[in-house]
Number of protein chains: 2
Amino acid sequence: MADRVRAKTRKDRIMDAALRIFAEKSFQEATISEISKEAGVSEATIYEYFGTKEDLLFAIPEKISNDTYEESEAVLPFIKDVEGRMRAIMLSYIQLYESNPHYSALVLLQLMSNKRFRQTQAHAAIRRSAHSLLDCIREGIANGTFRPDADAYLIRSMLMGTIEHLFIHWHMQGMPRREKTIMEMLDPFLEIVLSGIRAKKEQQGLTLHLNLEDARALGQILQNDPALQSKAESADASRTIKERN
Amino acid sequence: MADRVRAKTRKDRIMDAALRIFAEKSFQEATISEISKEAGVSEATIYEYFGTKEDLLFAIPEKISNDTYEESEAVLPFIKDVEGRMRAIMLSYIQLYESNPHYSALVLLQLMSNKRFRQTQAHAAIRRSAHSLLDCIREGIANGTFRPDADAYLIRSMLMGTIEHLFIHWHMQGMPRREKTIMEMLDPFLEIVLSGIRAKKEQQGLTLHLNLEDARALGQILQNDPALQSKAESADASRTIKERN
DNA sequence: TAATACTTGACAGTGGGACTATGAAGATGT
DNA sequence: ACATCTTCATAGTCCCACTGTCAAGTATTA
């Protein structure tokens, strides 16, 4: 057992070193010799555990996605609200990248466009997120939450593309300190996208914007007119009054 | 001169072949021997023109960005409208990628995350676009077109990240036929983003949504009340009446 | 037409890094 | 103590980027 434990830490040390070096340089520029020195093992040991350099590369996302990603998907079916479910998906997606900077650099800058990566579990997890998002958007369109002419694919690209772009630029600038984390930008971001695609509730009729003075004058009139006042109470669904500030 | 012409076509043939092979496989998987066969020249000739394989790679964006990109920037200073200028920037950005699929695959999937690429003219052109966009957004916030609490960096990442994501996914799926080009998605896309960040005109007062029946009743009242009716004419700036459908 | 310079190609060779094969040294379990 | 399993060092293969050289065009000039 002590043997197994040591083997495990050895394997982990190799993967840690590899992740660091792959992310900082790049897969092609990194050499096995360099990784072996960083991990404190011989080159032969690396070939022992991972047949090839490429296998070592792909062992990394496989491991990390198993560890961190799956669990956050379990709650989704319990969120009935479409927008809430979308927020949860985005949250877990951001968490995945925010939890491990080296890993997100590796995935977003190098693996994402790699053909073999697309056949890994890690990519399948990302695809599941993408697919769930698409489902949410379609459901929102179907049930009237979103505008019927919204393009579900476009919306999804907005959601995922923006987040990826934020991470990619952060990495390319050498991961500087930020006053706002990407996680903290999620809600303002979602508000912009969602407010842009929500269906307008009152499709027919009139919309009136009144300043405070006019609003008071109108209030006087309504109070003095019993006919309209009673209507205001009976037809609540089709009439909304919102106060600003 | 005939010599110069032949040399030019030879050099171009090499770059064309290289672009195709780099984009379809990848820079690392492509071999000089393969490119030389595709271009119909000897390996030595490639080393004659481009010292190294990497130099050949970077000669490609240098050439293409010189050819196509610069001109579309010239019009920008003449567009006074902030949103129109943003649209023009996005348009030229999309055009760059839409004009040459091989090139956009190379840039977006391989070069974008490459350190050396960031020191090329091609990347400088992209940075100029990004910078102009940021300027537009800031100007829009400053002059009241956009909400004062909008995050300019976030907006820019939305604009560029979405477009890049759309192209990247199109490439990763093997560039299937689309019923809508990315160019055609630009205006719906911009409408979502911009409507999400435009400043609301009436910050104070009341907003009333009325169905048709109630609107008619209110119309009656307003017609019979000279005080409020005169107000409606004098205070036009702060009061808007929009008819839906 | 002859001489000169420049372009292209064939070929041989170097070097670096991924990967293999092998056997010795050490650690572990019984 | 013995067998087994892990780790390492060494030596060697293969592939591919890249260099150097020389010969064969091809173009330009005298």
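Residue numbering restarts at 1 for every chain, and letters A, B, ... go by the order of the sequence lines.
Every residue meeting the side chain to side chain contact (heavy atoms under 4.5 Å, CB included) condition with A:Met175, not counting sequence neighbours, appears here in chain and number order: A:Pro101, A:Trp170, A:His171.
Atoms CD1 (B:Ile14) and C1' (C:dT8) sit 11 Å apart, rounded to a whole Å. Computed from coordinates, the A:Gln28 CD to D:dA17 P distance equals 13 Å when rounded to whole Å. Per the geometry, CZ belonging to A:Phe50 stands 16 Å off C1' belonging to C:dC19, to the nearest Å. Rounding to whole angstrom units, CD of residue A:Glu29 and P of C:dA18 are separated by 12 Å. As rounded to whole Å, 17 Å separates atom C1' of C:dG17 from atom CG of A:Leu57.
When each of B:Glu48 and A:Tyr47 is assigned the nucleotide of DNA chain C with its nearest heavy atom, B:Glu48 is the one assigned upstream, toward the 5' end.
A:Arg156 contributes a side-chain N or O that, together with a main-chain N or O of A:Ala130, makes up a donor-acceptor pair within less than 3.5 Å.
With hydrogens and angles left out, the side-chain atoms of B:His131 and B:Arg127 include no donor and acceptor closer than 3.5 Å.
Note on A:Tyr49: a side-chain N or O is less than 4.0 Å away from OP1 or OP2 of D:dT7. The side chain of B:Arg10 places an N or O atom within less than 4.0 Å of a non-bridging phosphate oxygen (OP1 or OP2) of C:dG9.
Judged by a 6.0 Å distance limit and a 45° cone about the ring axis, A:Lys53 is not positioned over the six-membered ring of A:Tyr47. Relative to the six-membered ring of A:Tyr153, A:Arg138 meets both conditions, a distance below 6.0 Å and an angle of at most 45° to the axis.
Listed in residue order, the members of residues 31-46 of chain A having a heavy atom less than 4.0 Å from DNA chain C are A:Thr31, A:Ile32.
Taking the six-membered ring for Trp and thresholds of 30 and 60 degrees, A:Phe58 and A:Phe117 have nearly parallel ring planes, at less than 30 degrees apart.
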